[in-house]
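Structure record follows, encoded as C-alpha cells.
Letters A, B, ... are given to chains in the order of the sequence lines, protein chains preceding strands, and every chain is numbered from 1. All figures in this text were calculated on a predicted structure; none of them were measured in a lab.
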Amino acid sequence: MQYESRNIEQKWQARWARERVYRTDGDPKKEKYYVLVEFPYPSGNGLHVGHARPYTAMDVVARRRRMQGFDVLFPMGWDAFGLPTENYAIANKIHPAEVTRRNIAFFKSQIDMMGYSFDWDREVNTTDPGYYRWTQWIFLKLLEHGLAYKARMPVNWCTSCKCVLANEEVVDGVCERCGSEVVRREKSQWMLKITAYAQRLLDDLDLVEYPERVKAQQRNWIGRSEGADVDFATTAGETLRVYTTRPDTLFGATYMVVSPEYPYVEAWRDKLENYGEVAAYRAAAARKSDFERTELQKEKTGVRLLGVDAVNPATGGVIPVFVSDYVLMSYGTGAIMAVPGHDERDWDFARAFGLPIVEVVAGGDVQTAAFTDVETGTLVNSGFLNGLEVRQAKAAMIEWLAGKGLGRAVTNYKLRDWVFSRQRYWGEPIPVLHCPACGAVPVPETELPLLLPEVASYEPTDTGESPLSKMRDWVDAVCPRCGGPAERETDTMPQWAGSSWYFLRYIDPKNGTAAVDGALARRYMPVDWYNGGMEHTTLHLLYSRFWHKFLYDIGVVETPEPYARRTSHGMILGEGGEKMSKSRGNVVSPNEIVDQYGADTMRLYILFIGDFEKAASWSPQAVKGCRRFLERVWGLLDRAAPGAVSPAHEAEIHRTIRKVGEDIEHLKFNTAIAALMALVNRFYETGVTRGDLRVLLTLLAPFAPHICEEMWEQLGYKGFVVREPWPAFDPAKTVEDEVEIAVQVGGKLRATVVIPTGAADEDVLAAALAEPRIRKTLDGRRVVRHIYVKDKLINLIAGK
RNA sequence: GCGGUCGUGGCGGAAUGGCAUACGCGCUAGCUUGAGGUGCUAGUACUCGACAAGGGUGUGCGGGUUCAAGUCCCGCCGACCGCACCA
C-alpha cells in the first residue's frame, strides 16, 4: 500500500479537531505543564520555515508531556498590532483591523496544515478589545504605582515622511521606507520606569533556567556598574557632579567634559566668552543622528567652555571644562571627569586638544596609550593613595570623598526607562486624559476598554502626532476628576505592550472581570518551558519579566518570574547560508514542503536539519531523506509479524526509548530522530513484530503524528496514538547479553573482543590477551598494568 | 573594545575523558523497473602498501595534563552573535 501522506494528514487533523484531543483539560489530578512559543505577528507574507522550527519543536515537547500524563497548556495567538499592518492599510486603503483579520485567517490555515497540537479554544489576539482592555488596565496600574510618567525625549524623525519612526525603522541612520535622513527631535513621551526593577531583573536571573548566552545578554543590557558620584566645584558657582567607576584615578583628572545637552551650558550662557561657538557645537550635535554619533566616532570633537573652570577636589588644581558629544546625557550625570592617563576616550580627546596626561596608576606608559588595567597597577602621584592597589584605592577615595561630603558610592545601570508611546494608529490607545486643571488623569477602569476609534485616514500627521489627534470628537472629552473639558491622549502603546503579558491571558482567555483568574494563574504559572528567538532575548524578555514582576508586586500573580525555562532556536537560513528574505527571493514556505511531501516530512526535516540552537541552512535535497524514512516506516506495516516486543530488539528498543526522551528534554531533536531512523534500519535488517512497531509508533508520534495515527489504526489498536502513555524503559533491559569492547595497547586501538556484559576484570584481560593481534602487538612484552572500563574498553600497558 | 558562542568527512551534523565521523544528504559501483530525478544492495576521512593482508596519520594551530583528549588546562589563529564613546 502506498503512503498517501496528504489524505492521511487531512483525515487525522479533522478527527483531532472533532474530538478536541488537544484541549487543556484542567484535570486537577494531573500535574500541569505550560509549553509556550512566541506568538507570531500575522504579517501578510504568511508562515515561514523560520516559524516552523520552534513551533514543531515545542509541539513535540507538548505532545510528549500529554503522553506522560500532564495537563498540558500549549496555546497560540496573535501579536497583531504593528507597523507593517498599518502601512499596508495606508497603502491599500483598507482598515488595519480588516488586514489583521485576513492575515490571521491565512496564518491559521497555514499553521493548521502542520498538524500542531495547539489548544485553539485559548487563542488570543492583542488587537481584540477584550484583550487590550487588560493591557490598558495594566498600564493604569503602572500609572497608579508611579511607574508610568511623561518626559521629553528625543525621537527619530524622518525629514521626508515627516513622521516619527520606531528605532527598528531606522536602518543605518536613514528611513527604512524612503531612505532619507533621520534626525532627533524632542517630543513628550510616556515612559515606564523599568529602571526601578533593574536590580531585581538582574538578581532573579538566578531563579530561572535560561541559556548562559541569554542571561549574559540580559546582564549586559541591564549593565550594572559600581562607582562613585564626585562633586567638582566650578568658578561659575554651580557644582558639577560626575559619575565615575574609577574614583581611584581622581588625582589624574586633568579636565572635565559635559554632554552637549547638559543644562549648565545654557545656564552659564552669560559667563561663557565663546557661547556662540558652544551653541553652534550643540546644534551640530543635535543634528547628528544616532548613527553618526556612534559609527563615525573616530575623531573626538568638542569646545572648551571659556570663562568657566572647575576644581579637582583631590589636587585643588584648576582644570578646564569642555563640551563634547562623546559624553552622553543619558548615562550617569551627563558629565565626566576626564582621566586621560587611564581612559582611552579621554586619552584620545586629550591628545586631540593638547591636554596634560598624568600617570596616577603605574604599570603602563601613559604617553603612548591609556593604561586601563585595574588588576596589576599601583597608585602614584596620588597623595594619600600612593602605593595602594586599584581596588584599595577606590575604597579609600570613596571614604575620603564621603568624609568631606564631596562624593559617595553609587551603582549605575545602562538600562533606561522604556519609551512607551508611539505616534501611530494601530496600537492600544493609552487610557489617559489631559485636563488643564488636574493634569494627566487616568481613564476610569470601568470605562475600559478605551476603544480605538474609526478614523478616516491612518496616515501620520505633519507634526508627528498620532492620526488619532485629528479625531476632534474623540479627543475632546470630559475630565473624570473635575468634570471640566479635557483632551484624550492620542499616542498609542508600542507593540511590546501586548506581548508583555499574553502568556497570562492564555490561562484564562475569556475572563471579563480580570486579566486572569488568581486560582488559574496559581495552577498554570510559571510557564514551564518557553522557547523563542535570540532576537527577543533582550527587549521582549526584559519587558515581560518587568511586567510580570509588577503584577507579582500588586498580587495578580504569585511567581516572581514568568518563565521557569527559556530556550532559543537558531535561525533558518537560505540554501547558501544567507538570511531568507523577500528581496533575495529565497524564502521557503513550509506549505510548499507540506504540499510536496506532507506535514510529517516537513516536521521531521525542520528538526533533523541540525543543532536546534544553531543557525541552519535550508537544503531541499535533504528533505527527501525524511520522506524516505517515513516511507520505510510505512513499509513496516506489511512486514510486522504477530507478537509482542521481540527479544532480539528489546535492548535496542529500551535504549531508544531512553534516548528519544532525553534528547527531547535537551533540545536534541536531530539525534532523537537519528535514533528512530537507526531503529527502523534495524527492523529492516532483522525483522519486526507488531509489538516492536507499536513502541516505535508511540515514540515517533510526537514528531510525525499523522502517519503514526494511521498506522496505529491499521494495526487495529484502539483510540488515538497521541493519547497513548509514553513508553517506559527499563534500565536493566537496555543492555545486551554480550558487548564488543575495544582493546588498546598503550592507548592505541589494536583489536576488539566480544565479552559477556558485565564480565569481570580478569576475564576481560584474559580474553584480550588471547586475541592473536594483541599477542602480536605485545610481541613478548609483559603487561605491567591495565585499565578496564566496564563494557567499554580495556587498555593494556606493556613493560619493556 | 566588552560580553557570549563555536571551529570535526564533499555537505548538514554525531560522540557522560574511553573504538572519532552515529543518522541523513551527496557521490561511486552493481541489481531492479520499459525508462528514471524510483527502489534495493555494497562502498565512501587521508595516506603508505597492489585499490590485498597489514601499517601510519587524522577533530583550526602550538604546547600541557592523563593509561587514554574532539572533549580538560595554557597560548595563538579564525568565524559567528549581541552590546558598544555607558565614563
Quiz item: Hey, are E226(A) and R224(A) close enough for a salt bridge, meaning a charged N less than 4.0 Å from a carboxylate O?
Solution: yes
Quiz item: What nucleic acid atoms does N670(A) come within less than 4.0 Å of, heavy atoms only: base, sugar-phosphate, or nothing?
Solution: sugar-phosphate
Quiz item: Considering only the C1' atoms, how many Å lie between A68(B) and G75(B), rounded to the nearest integer?
Solution: 24 Å
Exercise. Round to a whole Å and report the spacing from OH of Y331(A) to P of A84(B).
Key: 13 Å
Quiz item: Considering only G4(B), G55(B), C19(B), which nucleotide approaches the side chain of A216(A) most closely?
Solution: G4(B)
Quiz item: Hey, are the side chains of R282(A) and V265(A) touching, using non-hydrogen atoms and a 4.5 Å cut-off?
Solution: yes
Practice problem: Verify the contact: side-chain N or O of R241(A) to OP1 or OP2 of A87(B), cut-off strictly under 4.0 Å; return yes or no. | Solution: no
Quiz item: Can a salt bridge be assigned to the pair E212(A) and R219(A) using a cut-off of 4.0 Å between side-chain N and carboxylate O?
Solution: yes
Quiz item: When the C1' atoms of C61(B) and A79(B) are considered, how many whole Å apart are they?
Solution: 15 Å
Quiz prompt | Touch class at under 4.0 angstrom, heavy-atom based, for E344(A) against every strand present | solution = nothing
Exercise. Measure from CG on L250(A) to P on A87(B) and round the result to the nearest Å.
Key: 17 Å
Quiz item: What integer distance in Å separates I609(A):CD1 from C11(B):P?
Solution: 17 Å
Quiz item: When R566(A) is tested against each of E209(A), E38(A), E613(A) for salt bridge (charged side-chain N to carboxylate O under 4.0 Å, His left out), which residue passes?
Solution: E38(A)
Quiz prompt | Protein-nucleotide distance (W221(A), atom CH2; G4(B), atom C1'), rounded to Å | solution = 16 Å
Practice problem: Identify whether the distance between the nearest side-chain nitrogen and carboxylate oxygen of R6(A) and D595(A) falls below 4.0 Å. | Solution: yes
Quiz prompt | Any side-chain heavy-atom pair of V374(A) and R246(A) under 4.5 Å | solution = yes
Quiz item: Just by distance, with hydrogens left out, do R627(A) and S5(A) show a side-chain donor and acceptor under 3.5 Å apart?
Solution: yes
Please tabulate, one pair per line, each protein N/O and nucleotide N/O from nucleotides 63-68 of chain B that are separated by under 3.5 Å, including the distance.
residue: C67(B); atom: O2'; partner: N795(A); partner atom: ND2; Å: 3.2
residue: C67(B); atom: O2; partner: N795(A); partner atom: ND2; Å: 2.7

Exercise. Could you check T567(A) against N531(A) for side chain to side chain donor-acceptor pair (under 3.5 Å), going step by step and ending with a plain yes or no?
Key: CA-CA 5 Å; T567(A) 55; N531(A) 183 79; 2.7 Å; yes
Practice problem: Look through every strand shown and name the nucleotide pairing with C83(B) as Watson-Crick or G-U wobble, where both distances are under 3.5 Å. | Solution: G1(B)
Practice problem: Pick the P atom in C23(B) and in U44(B), then give their distance to the nearest Å. | Solution: 13 Å
Self-check item: Nearest-nucleotide 5' precedence on RNA chain B, T244(A) against M534(A)
Solution: M534(A)
Exercise. Using Watson-Crick or G-U wobble geometry with both distances below 3.5 Å, tell me the partner of U44(B), or none.
Key: G26(B)
Quiz prompt | Length of the line joining R213(A):CZ and G3(B):P, which is rounded to integer Å | solution = 18 Å
Practice problem: Under 4.0 Å between any heavy atoms, over every strand shown, what does N412(A) touch: base, sugar-phosphate, or nothing? Just pick one. | Solution: nothing
Self-check item: Rounded C1' spacing from G62(B) to C67(B) in Å
Solution: 24 Å
Self-check item: Opposite nucleotide pairing with A35(B), Watson-Crick or G-U, both atom distances under 3.5 Å
Solution: none
Quiz item: Quantified in whole Å, what is the C1' atom distance between nucleotide G36(B) and nucleotide U71(B)?
Solution: 46 Å
Quiz item: Hey, does the side chain of K748(A) come within less than 4.0 Å of U57(B)'s phosphate (OP1/OP2), counting only N and O?
Solution: yes
Quiz item: Roughly how far apart, to the nearest Å, are C48(B) and U65(B) at atom C1'?
Solution: 32 Å
Practice problem: Please determine, for G70(B), whether a Watson-Crick or G-U wobble partner exists with both distances under 3.5 Å, and give it or none. | Solution: none
Quiz item: Out of A87(B), G55(B), C6(B), which has the shortest distance to the side chain of V327(A)?
Solution: A87(B)
Quiz item: Does CD belonging to Q2(A) count more than 12 external heavy atoms closer than 6.0 Å?
Solution: no
Self-check item: Side chain of Q217(A) - closest among G56(B), G82(B), G4(B)
Solution: G82(B)
Exercise. Could you check if the base of G9(B) is syn or anti? Syn means the glycosidic torsion is within 90 degrees of 0.
Key: syn
Quiz item: C1' atom, G58(B) versus U41(B): distance in rounded Å?
Solution: 30 Å
Self-check item: Check: F349(A) ring centre within less than 6.0 Å of Y255(A) ring centre
Solution: yes
Quiz item: Does U21(B) pair with anything, Watson-Crick or G-U wobble, both distances under 3.5 Å, and if so, with which nucleotide?
Solution: none
Quiz item: Going by an N to O cut-off under 4.0 Å, is there a salt bridge joining D231(A) and R408(A)?
Solution: yes
Exercise. Starting from the C-alpha separation in whole Å, work towards a yes-or-no answer on salt bridge (Lys or Arg N to Asp or Glu O under 4.0 Å) for R628(A) and E631(A).
Key: CA-CA 5 Å; R628(A) 270 180 213 154; E631(A) 302 265 8; over 6 Å; no
Quiz prompt | Chi angles and distances behind the side chain to side chain donor-acceptor pair (under 3.5 Å) call for T537(A), Y210(A) | solution = CA-CA 10 Å; T537(A) 53; Y210(A) 292 2; over 6 Å; no
Self-check item: Who pairs with G7(B) - Watson-Crick or G-U, where each distance is under 3.5 Å
Solution: C77(B)
Quiz item: Is the charged tip of R639(A) near the ring of F683(A): under 6.0 Å from the six-membered ring centre and within 45° of its axis?
Solution: no
Quiz item: Can you give one letter per nucleotide of nucleotides 23-42 of chain B, 5' to 3': B if a protein heavy atom sits under 4.0 Å from the base, S if only from the sugar-phosphate, - if neither?
Solution: BSSS------------SS--
Quiz item: Where along residues 657-669 of chain A does a heavy atom fall under 4.0 Å from RNA chain B?
Solution: K668(A)
Exercise. Output yes when at least one side-chain N/O atom of N220(A) is less than 4.0 Å from OP1 or OP2 of G4(B), else no.
Key: no
Quiz item: Can a side chain N or O of S225(A) be found less than 4.0 Å away from OP1 or OP2 on A87(B)?
Solution: yes
Quiz item: Between R773(A) (CZ) and C19(B) (P), how many Å, whole number?
Solution: 16 Å
Quiz item: Do the side chain of K792(A) and the base of C19(B) come within less than 3.5 angstrom through a donor-acceptor pair of N or O atoms?
Solution: no
Self-check item: Spacing between D343(A) atom CG and C2(B) atom C1', to the nearest angstrom
Solution: 14 Å
Quiz item: Contact class for A616(A) vs. all strands (heavy atom < 4.0 Å): base, sugar-phosphate, or nothing?
Solution: nothing
Quiz item: Toward the 5' end of RNA chain B, which comes first, R246(A) or T777(A), by nearest nucleotide?
Solution: T777(A)
Quiz prompt | Atom P, compared across G37(B) and G30(B): separation rounded to whole Å | solution = 15 Å
Self-check item: Between C6(B) (C1') and E212(A) (CD): distance, integer Å
Solution: 15 Å
Practice problem: Please confirm whether W347(A) and F371(A) have ring centers closer than 6.0 angstrom. | Solution: no
